[in-house]
Amino acid sequence: MDHSRRVVVSAISTTALLTLAGTWAQPSHPTAPLPKPPHATNPIDGDEIDRLEQATALFTNRATENRMRTVAVLEALLQSVTDLLDERRHGPRDTARLHTLAAKLASEVGWHRFDLGRHAEAARYWIGGLHSTHELGDIDAGAGLLSDLAYQASWRSRPHTAADLLRRALSRARHPAAQSLLQLRLARAVAALGDRTGTLRALTAAEELASVPAADPVPGFCSWYSTADLAVDSGQALLDLGDTRRAHQLIREGQAELPAARIKTYGVFQTYQARSYLELGEPEQAAAAATEALDLALRIGAPRCVELVRELSPRFEKFPTAEGVPELLARAAA
């Protein structure tokens, strides 16, 4: 149950991951009610959970640049929450509150591990969060954590695994915003597989679902999702299919819409922009975009963005004399 102190840093096989996702996607019965705890002489003070909720909100609702520096606080909060759950001395309502916190914090810490390239740890945190969403019966939150695992699989060049995870998540996701994000990530996965028909079908679904009104609030895991993300990731999927000019246009349009607070995402989008410029044969503009992404990544401490720039180096090596390219290659190799 512990998402932090007792996390096991070992590889998670694709088979085990898909088995877990399959179990989640095909529940044999409705989620059982949370068990009642044994009688306790010192039940939890509700104020303690209030304080944990307030602290979690404070340290997760921050600009990306600031959140990168407060992960130790999030880890400590997660440890406190999981310790309280392990004690099992609280009623159903407080148990649900603690599981809600555990899922949110596990997601946040998992993304930090992912950004550092510590993928086994990231997956363990997300799987821990998935267990908490199951205890809560929160289907959309569970679908979101499967989507995070799928995003990681795509990042690690495992598009088949990503697509399988996303299809399982889509089989139960309810909110149209959640379904839209899942379809968009599915489009990215199947585009990497060269499936044009599947990509265009998923992109169409993502766009249509993004405009569907819903009575329920947008699930927390996709509260950041916007038309900017839809445009840029659609462009990246089309870029994988070779539709370079349309892809470039979408990436530029989406990047212009991105809120300033999402600075890490902006850096990632800049690397997409650089790639699209390279595909168009414009290395100078590509170098400028990649250099901006590298500067930003180094300033805020975002190793994942640095890695994206380095992965573009072989493409830049085809233009050794273009303005900005030699300097960029030297910095990326440093």
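The structure displayed is predicted, hence computed values, not measured ones. Counting from 1, the numbers follow the sequence of the chain as shown.
No donor-acceptor contact under 3.5 angstrom links the side chains of S107 and Y125, judged on distance only.
For A122, the side-chain contact (heavy atoms from CB on, under 4.5 Å) partners are R113, F114, W126, Q152, not counting sequence neighbours. Annotation: side-chain contact (heavy atoms from CB on, under 4.5 Å) contacts of P159 (sequence neighbours excluded): A192, L193. With sequence neighbours excluded, no residue forms a side chain to side chain donor-acceptor pair (under 3.5 Å) with R252. With sequence neighbours excluded, no residue forms a side chain to side chain donor-acceptor pair (under 3.5 Å) with R174. Every side-chain contact (heavy atoms from CB on, under 4.5 Å) that E284 has, sequence neighbours left out, goes to A322, E323. Every residue two or more places apart in sequence or in another chain that forms a ring-ring contact (aromatic ring centres under 6.0 Å, His included) with H248 is listed here: Y277. In this structure S226 satisfies the side chain to side chain donor-acceptor pair (under 3.5 Å) test together with D229, sequence neighbours excluded. The side chain to side chain donor-acceptor pair (under 3.5 Å) check on S234 picks up nothing, with sequence neighbours excluded.
Hydrophobic cluster of V325: the remaining members, joined at side-chain heavy-atom separations below 4.5 Å, are L278, L294, L298, V306, V309, L312, F316, F319, L328, L329, listed by chain and number. Its side chain within the 4.5 Å cluster rule, V190 clusters with L166, L170, L182, L186 among the Ile, Leu, Val, Met, Phe, Trp and Tyr residues.
Relative to the ring axis of W24, R172 places its NZ or CZ within 45° and under 6.0 Å from the centre.
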Output side-chain donor-acceptor pairs under 3.5 Å for residues 198-207, partner residues at least two apart or in another chain, one line each.
unit_1 : atom_1 : unit_2 : atom_2 : d
T199   : OG1    : A191   : N      : 3.1
T199   : OG1    : D195   : O      : 2.7
T204   : OG1    : L200   : O      : 2.9

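The backbone N or O of V232 sits nowhere less than 3.5 Å from a side-chain atom of Q255 that would complete a donor-acceptor pair.
Screening residues 241-251 for salt bridge (charged side-chain N to carboxylate O under 4.0 Å, His left out) gives R196-D243 as the qualifying pairs, with residues at least two apart or on separate chains.
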